[in-house]
Amino acid sequence: MTGAMCNAARARLATWSVHAWSGGLCLLAALALPCAAQPAGGAVSPENDKVLRVCQDPNNLPFSHRDQTGFENRIAALFARELGWTLETTWFPQRIGFIRNTLRARKEHSDTFKCDLVTGVPTGFDLAATTHPYYHSSYAMVYVKGRGKGLDGVQDLDALLALPPAQRSHLRFGVFTASPITDWLLKNALMEQVEWYQIQSGDAAQTPGETIESDLASGKIDLAFVWGPIAGYFARTARTAPIVAVPLKSRPDMKMDFAIAMAVRHGDKAMRERIDTLITIKQAEINGILEQYGVPLLDDEKQALHTSPHPAPP
């Protein structure tokens with residue numbers, strides 16, 4: 001794991017983990033493909049046919065889902081309404097081959113691409129042209145409240161290290177491969193207490209958040225480090241145990257926060273400008289959607305963005 005962009009990719013691709021998103025690879029590098037040619041002359045543009053075609057994962061909550069219950073689904077629907085366009089979704093698991101099979105793939109016997117917008121990538125994503133970021137979040141640690149492991153009230157990594165050694169030595173940590181927390185665990189001699197998880201399990205029906213919730217509730221692990229949108233969502237919606245999510249701050253030697261944007265094909269300047277405008281004028285509504293899903297949001301100064309409470313997502 002090297003570089004902030006690779007860390008962000010792993011964080012978001014915990015849902016392409018995807019997540020990231022939602023998903024030890026540097027998955028963006030693994031997705032690398034030659035640049036696709038631009039649409040042939042005569043191809044129908046989204047502006048001409050008034051269709052907002054998005055590329056999304058069918059089972060990747062809290063980011064997206066085939067039943068339209070993810071926050072990326074809702075933001076895409078918000079954009080389509082603002083444009084007055086029809087929303088059309090191409091579903092494909094956000095794993096290796098996602099861009100090749102969605103944003104760069106054409107419909108059979110047609111010059112029209114399957115989709116024109118990916119609704120969640122880290123800024124700096126090099127397989128497509130990225131928009132302005134529409135949210136900024138961080139990794140978080142999650143644990144079960146009241147479990148009796150000494151974790152209640154732990155609000156940062158220093159507090160975790162300050163636990164009595166005998167107590168700390170019995171904790172089991174859930175960590176996704178290539179997580180930015182790995183070096184910190186190694187530095188503090190905690191690697192032998194780690195239960196490792198793959199960003200991509202190979203099973204498109206299995207998501208990182210569901211796995212973490214299950215293993216926290218069962219006691220297989222005591223604390224997990226996961227990408228903030230996943231942590232916040234499952235802390236808010238978990239039914240098996242009262243899960244607490246604590247956002248983590250970046251340190252000089254460990255970047256924990258990342259900005260997330262959307263992506264269009266290289267060269268599609270009109271679409272990128274259109275989406276940039278929508279992000280700007282709809283930012284308050286976007287934030288409101290993200291808050292409903294428990295996403296820990298940061299402002300431009302990387303401080304927690306404090307807003308009024310919102311109900312859990314539908």
Side-chain angles (χ1 to χ4, degrees), residues 1 7 10-15 17-25 61-62 137-203 205-251 253-257 294 296:
M1 178 193 73
N7 288 343
R10 288 190 294 268
R12 174 60 182 83
L13 296 177
T15 68
S17 111
V18 2
H19 211 102
W21 82 286
S22 28
L25 306 170
L61 288 175
S137 191
S138 68
Y139 270 77
M141 57 182 176
V142 292
Y143 55 84
V144 175
K145 182 179 180 180
R147 182 58 64 81
K149 296 285 186 174
L151 294 172
D152 288 351
V154 169
Q155 293 297 308
D156 56 34
L157 295 176
D158 290 336
L160 181 60
L161 284 180
L163 292 174
Q167 188 174 49
R168 191 177 64 241
S169 66
H170 287 91
L171 296 175
R172 294 294 298 172
F173 304 108
V175 182
F176 285 95
T177 52
S179 166
I181 200 68
T182 303
D183 288 344
W184 180 87
L185 292 165
L186 181 63
K187 178 182 177 181
N188 291 287
L190 296 171
M191 294 291 280
E192 291 185 1
Q193 298 169 230
V194 170
E195 183 77 26
W196 292 103
Y197 294 86
Q198 295 295 324
I199 291 174
Q200 294 179 324
S201 68
D203 180 0
Q206 185 181 60
T207 65
E210 292 170 334
T211 300
I212 290 298
E213 179 187 350
S214 173
D215 287 358
L216 280 172
S218 70
K220 181 178 180 179
I221 56 176
D222 302 300
L223 184 149
F225 298 97
V226 295
W227 177 224
I230 299 172
Y233 175 75
F234 283 92
R236 181 162 292 201
T237 61
R239 298 291 181 265
T240 54
I243 294 176
V244 176
V246 180
L248 297 172
K249 293 183 178 181
S250 291
R251 301 180 175 207
D253 60 346
M254 183 172 63
K255 183 171 177 59
M256 302 297 285
D257 64 279

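These figures come from a predicted structure and were not determined experimentally.
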(request) Just jot down the ring-ring contact (aromatic ring centres under 6.0 Å, His included) partners of Y197, sequence neighbours excluded, or say none. (result) F176
For the backbone of [Y] and the side chain of [X], can you confirm whether one donor and one acceptor N or O come within less than 3.5 Å of each other?
X: S137; Y: P296; value: yes
X: Y143; Y: L151; value: yes
X: E213; Y: A238; value: no

Between [atom1] on residue [X] and [atom2] on residue [Y], distance to nearest 0.5 Å:
X: I230; Y: I212; atom1: CD1; atom2: CD1; answer: 9.0 Å
X: D253; Y: W184; atom1: CG; atom2: CH2; answer: 11.5 Å
X: L190; Y: L161; atom1: CG; atom2: CG; answer: 6.5 Å
X: K255; Y: L248; atom1: NZ; atom2: CG; answer: 13.5 Å
X: L216; Y: F234; atom1: CG; atom2: CZ; answer: 11.5 Å
X: L61; Y: E210; atom1: CG; atom2: CD; answer: 7.5 Å

(message) Just so I know, are the side chains of V175 and I181 near enough to count as touching, which here means a heavy-atom distance under 4.5 Å?
(response) yes
(request) Output every pair passing salt bridge (charged side-chain N to carboxylate O under 4.0 Å, His left out) with a member in residues 138-151, not counting sequence neighbours, ordered by first then second residue. (result) K149-D222
(message) My understanding is that only residues two or more places apart in sequence, or in another chain, count here; which of them pass side chain to side chain contact (heavy atoms under 4.5 Å, CB included) with S214?
(response) none
(message) Holding to side chain to side chain contact (heavy atoms under 4.5 Å, CB included), I want the full list of residues that pass it with S138, two or more places apart in sequence or in another chain.
(response) P247, D257, L298
side-chain hydrogen bond (donor to acceptor under 3.5 Å, both in side chains) with [X]: which residues, sequence neighbours excluded?
X: S169; value: none
X: S218; value: none
X: E195; value: R172
X: D158; value: R251

(request) List in chain and number order the residues that pass salt bridge (charged side-chain N to carboxylate O under 4.0 Å, His left out) with R168, two or more places apart in sequence or in another chain; answer none if no residue qualifies. (result) none
